[in-house]
Amino acid sequence: MTQEIPSLAKVYGDFFAMGAAVNRRTIDTHSELLKTHFNSVTAENEMKFESLHRTRGDYDFSSADAIVDFAVANGMKVRGHTLVWHNQTPKWVFEDADGHLVPGPEVERIQKEHMETVMGRYKDVVYAWDVVNEAISDSDDEFLRNSPWLRALGEGFIGDAFLRAHAIAPDAKLFYNDYNETQPTKRDKIYRLVKQLRSEGVPVHGIGMQGHWGLGGPSVSEIREAVELYSSLGVELQVTELDISVFEFEDRRTDLKSPTTEMMERLAQRYEEIFALFREYKSSITGVTFWGIADDSTWKDGFPVRGRKDWPLLFDVNHEPKAAFHRVVNF
Ligand code: HAH
């Protein structure tokens with residue numbers, strides 16, 4: 001007799017939305033898991049600038065539409081990811097064919113037209129957008145990342161993007177999203193940025209904590225400190241891209257064909273303690289999205305160590321629930 005597997009989204013129905021990053025393939029290959037366990041989706045790549053708008057004025061919505069149609073057909077929420085980011089944005093936005101920089105006002109027009117087209121198309125479905133992704137620097141002595149958006153538009157580009165997004169989609173929840181968000185120096189910079197923007201009346205409604213974490217860290221107390229600090233701004237929090245690598249930072253092995261028993265037990269403990277914390281903060285946390293569905297398809301394969309498989313999610317390569325899944329639903 002097989003034991004009944006509870007639905008993750010149903011178990012967390014009184015806490016927060018339960019999301020997964022999907023792509024055009026996984027809405028088919030992982031549709032059973034998605035329909036059973038998740039009530040929210042984010043397009044892993046399909047709503048990024050380079051996916052939608054590879055050459056100027058020439059949009060391809062086919063993959064993003066397929067994801068949105070899947071979500072609507074199954075009554076799921078959709079998070080939009082992402083509008084203004086230094087990666088996965090085509091070069092033509094910032095440089096012409098001769099290698100000359102596109103002047104700031106023109107970059108601004110491109111951004112505006114892109115946001116109007118994309119946010120306009122998905123206005124009725126996408127309830128929250130990662131408006132700006134990863135604008136804070138990882139270096140201790142630098143505040144904003146030296147990105148092509150910053151170079152073209154200057155320091156005001158973040159606030160301007162939020163104001164623009166709000167004008168286009170006044171009902172959408174607008175998020176600032178970043179990684180290494182629990183690391184104290186970067187955490188304090190994210191806090192400072194959002195505090196400043198809100199004091200200027202810029203509509204930033206939430207902070208997205210990506211949550212690309214590992215077995216070795218961040219600790220529960222570091223996560224708690226970040227959650228406390230961010231929520232003190234009166235914004236919503238979402239964990240937008242959760243996955244927990246089974247490798248310690250120093251562990252660079254690439255030869256493992258399957259995870260060790262110890263890895264699976266430590267992963268289960270990590271997920272257990274982290275979800276206990278999320279539940280504690282259910283009044284601030286409005287959504288938790290995994291950056292993938294099952295271990296057979298994860299961006300962590302080959303990142304950050306090339307040629308290495310990882311097993312960071314709640315469902316294994318055969319789509320069976322792992323020990324970590326059981327710890328997350330049994331409380
Ligand atoms: C994220 N960057 C992006 O937001 C997402 O769009 C992408 O699919 C995967 C991860 C995270 C990141 C990182 O963990 C380390 C260095 C750079 C970026």
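Note that the numbering runs from 1 along the sequence shown for the chain. In listed order, ligands and their atoms are each counted from 1.
Polar contact with ligand 1: absent for Asn45 (N/O pair, distance under 3.5 Å). For ligand 1, the polar-atom distance check against Glu134 finds a nitrogen or oxygen pair separated by under 3.5 Å. Between Glu241 and ligand 1, a contact under 3.5 Å exists for at least one N or O pair. Considering backbone and side-chain atoms alike, Asn133 places an N or O below 3.5 Å from some N or O of ligand 1. Considering backbone and side-chain N/O atoms, His212 never comes within less than 3.5 Å of an N/O atom of ligand 1.
Counting only heavy atoms of the protein, atom 9 (C) of ligand 1 lies nearest to Trp291 NE1, 3.6 Å. Of the protein's non-hydrogen atoms, Trp299 CH2, 3.6 Å is the one closest to atom 14 (O) of ligand 1.
Taking every non-hydrogen atom of Lys48 and a distance limit under 4.0 Å, the qualifying atoms of ligand 1 come out as 5 (C), 6 (O), 7 (C), 8 (O). When each atom of ligand 1 is checked for a heavy atom of Trp85 under 4.0 Å away, the hits are 3 (C), 6 (O).
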Practice prompt. Evaluate the criterion side chain to side chain donor-acceptor pair (under 3.5 Å) for residue pair Glu134 and Gln210; output intermediate values, then yes/no.
Written response: CA-CA 10 Å; Glu134 305 179 349; Gln210 289 189 4; 2.9 Å; yes

Fill in: Chi angles and distances behind the side chain to side chain donor-acceptor pair (under 3.5 Å) call for Gln88, Asn45
CA-CA 9 Å; Gln88 293 181 258; Asn45 292 299; 3.0 Å; yes

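By heavy-atom distance, the residue among Gln210, Met47, His81, Glu44 lying nearest atom 11 (C) of ligand 1 is Gln210.
For the salt bridge (Lys or Arg N to Asp or Glu O under 4.0 Å) with Arg187, the qualifying choice from Glu225, Glu222, Glu181 is Glu225, the only one to do so.
Heavy atoms of Phe303 found under 4.0 angstrom from ligand 1 belong exclusively to the side chain.
Residues Arg25 and Ser297 have side chains in contact (heavy-atom distance under 4.5 Å, counting atoms from C-beta outward). You'll find the side chain of Leu256 reaches within 4.5 Å of the side chain of Phe247, heavy atoms only.
The pair Arg79-Asp130 counts as a salt bridge, with a side-chain nitrogen and a carboxylate oxygen less than 4.0 angstrom apart. Using a cut-off of 4.0 Å between Lys/Arg side-chain N and Asp/Glu carboxylate O, Lys186 and Asp178 are scored as salt-bridged.
The backbone N or O of Phe275 sits nowhere less than 3.5 Å from a side-chain atom of Arg327 that would complete a donor-acceptor pair.
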